[in-house]
There are 2 protein chains.
Amino acid sequence: MTRMSAAERRAALTEAALRVVSREGLAQATTRAIVAEAGMSLASFHYAFESRDELIDELIGVVVARERKAIAVDELAAAAEQGASLGDLLEAGMLRYFEHLREDPEHEQAMLELTQYALRSPERHPLAIAQYARYVDLLVEALAAAAELTGTTWRLPVDQVARVLVAFSDGLTITWLVDRDDAAAARVAAAAADAVSRMADPR
Amino acid sequence: MTRMSAAERRAALTEAALRVVSREGLAQATTRAIVAEAGMSLASFHYAFESRDELIDELIGVVVARERKAIAVDELAAAAEQGASLGDLLEAGMLRYFEHLREDPEHEQAMLELTQYALRSPERHPLAIAQYARYVDLLVEALAAAAELTGTTWRLPVDQVARVLVAFSDGLTITWLVDRDDAAAARVAAAAADAVSRMADPR
DNA sequence: TTGCAACTGGGTCAATTGTCCCAGTCACGG
DNA sequence: CCGTGACTGGGACAATTGACCCAGTTGCAA
C-alpha cells in the first residue's frame, strides 16, 4: 500500500465505506469489507480511526456536507425567463431530484440507512438532525430564488416551506425505492410542487 | 417455560421480536435478544424457526397484515355530515395518522427499518412491495369513501391517488422522526391534504 | 397408567467481527 | 547517507452470534 497522510487515508476509507454501504448496506460495512474496498490492511484502518463507529460518524458528516442542491439557481432563472410559473419551477426541481435519484438509487438508500442508524442512539441523533437541516438549507436557497424570479412571496417563513418540501422529497424517495414506479413518482412530484407553490402569493 | 403449540410459539417470538426491533433496532434484534424478550431458551427459537431470517420475514408479514387504516369510515361519515370538505377530511386523516405516529414512534421506525432490510436483498424485495401495496390498499378504501361522502370524484384511479398519499405520509414520518417538530408535521399534513384533494372534482 | 412424540434446557461449535499488537519497512530531514 | 518516526502487513484475540445437538421432561392419547 502506498503511503499517504492520515487525512488522505481517512478520506480514502470514508469513500470506500460509502461505496460499501451503498452497494451492500450499512450492516455489511464491516471494517474488513471497508479496508478491502479501499485496498488497505486492517491495521491502516485503526491507525486512521479509533473505531468503526468513528468512521461511520465521519461518513455521515462527509456525505451531508457534500450534498448539493438539485436545482442550480441559473437554471431556475432561465426557466423563469420563459414565463414559467412558480409551480412549474418547483415541479421541474422535483423532477430533477427524481432524475438524480434514478441515476444513483443506492446513494439515496445509503443516506436513508445512515439516517436510521443515527436515529438509533441519542448521541448520534444530532447527526440526523444536521443532515435534515442541511437539506432544508439547500432548499431554502432554491425556494427563495424561485419566488424572487417569479415575482411571488412566500406566505410562510421560507425554511418552513423548505421543510415541507424535504418531507415530500423523502416520501417520493422511499416509495420509489420500493416500487420503482416512475409514473407514480412523477405524480408525487407534481402534487408536491402544486401544494408548495400554493404557499406563495403574487407580489 | 410453559408449553405451547408451534403456532403460538412462533407468534410469541414474532411479538417479542417486534418489541426488540422497536426498542433497539433491527441490528440489535439477535436471536438471543429475542428469546430473552420472549422468556424462552435458544433451542425453542430454532424449534419454531429455521433461522433468524425466517423470523424476520414472518415479522414483516405479520406487521403488514396487522396495519389498520388510520381513519375509520364511520368517522369520515360523521365529519362529512357536518359539511366538511374533501380537503378537510383528508387533513383530519393525516393528522390522525400523525397522532398515531406520536403515540408510538418506535413502531413506525421499526416499520421503516424492516422496509430497508427487505430492500437490501432481491428475494426479500417483494416483502417491501407487499408492505407498500398494503398501505395503498388501506388508503384506497378511505379515499373512495371520502370522495363518496363529499360528493366528489377522483380524476385519477383511486390507487394512484392513494400512492401519492402514501409517499406524503412516509415523508411526514421520517422528517418528524428526525426533528420531532410537531408544527412542521402539521404543515406537511395540511399541504398533503390540500394537494391530494385537488385530484378530485365535484360531481 | 403408560408410551411416546412434542418440547425444553443447557451446552457447544464455527464463523464473523472489532480491536489490538508487533516486527518490520519506508520516506525524509539533517 | 543515515537515523528515526511514521506507517504497514500479518497475525492474534476475545466477544458476539447463528445454528445445532442431545439428554432429559412433560402433556396427552390410548
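Values reported hereafter were calculated over all heavy atoms of this structure, with side chains retained and with hydrogens, waters and symmetry mates removed. Model, not experiment: these values are computed from the prediction.
To the nearest angstrom, C1' of C:dC7 lies 16 Å from NE2 of B:His46. A straight line from CD1 of B:Ile34 to P of D:dT16 spans 17 Å, rounded to a whole angstrom. Taking atom CG of residue A:Leu13 and atom P of nucleotide D:dC7, one finds them 13 Å apart after rounding to whole Å. Whole-Å rounding puts the A:Phe45 CZ to C:dC21 P distance at 16 Å. Summarising the geometry, the separation between CD on A:Glu8 and C1' on D:dA6 is reported as 14 Å, rounded to the nearest angstrom. Distance, A:Leu55 CG to C:dT19 C1': 14 Å, rounded to whole Å.
Here the nucleotide nearest the side chain of A:Leu42, chosen from D:dA19, C:dC20, D:dT17, is C:dC20. In this structure, of C:dG10, D:dA19, C:dC21, it is D:dA19 that holds the atom nearest to the side chain of B:Ser51. Candidate nucleotides D:dC7, C:dA6, D:dG9 were compared by shortest atom distance to the side chain of B:Tyr47, and C:dA6 ranks first.
Applying the salt bridge (charged side-chain N to carboxylate O under 4.0 Å, His left out) test to pairs two or more places apart or on separate chains, none has a residue in residues 131-140 of chain A. Residue pairs meeting the salt bridge (charged side-chain N to carboxylate O under 4.0 Å, His left out) criterion with at least one partner in residues 12-22 of chain A, sequence neighbours excluded, are A:Glu15-A:Arg66, A:Arg19-A:Glu37. Contacts classified as salt bridge (charged side-chain N to carboxylate O under 4.0 Å, His left out) and involving residues 156-177 of chain B (residues at least two apart or in different chains) are given here: A:Asp179-B:Arg163.
Heavy atoms of other residues, nucleotides or ligands lying less than 6.0 angstrom from CD of B:Glu50 number 12 at most.
Judged by distance alone, the side chains of B:Gln109 and B:Ser22 never bring a donor and an acceptor atom under 3.5 Å apart.
Under the rule for a side-chain hydrogen bond (donor to acceptor under 3.5 Å, both in side chains), the partners of B:Asp182 that lie at least two apart in sequence or sit in another chain are B:Arg102, B:Trp176. A search for ring pair (Phe, Tyr, Trp, His ring centres under 6.0 Å) contacts involving A:Tyr135 returns A:Tyr132, not counting sequence neighbours.
Where B:Arg32 and A:Ala43 meet DNA chain C, the nucleotide closest to each residue was compared, and B:Arg32 sits on the side nearer the 5' end.
A close approach under 4.0 Å does occur between a side-chain nitrogen or oxygen of B:Thr31 and OP1 or OP2 of D:dG18.
A heavy atom closer than 4.0 Å to some atom of DNA chain D occurs in no member of residues 14-28 of chain A.
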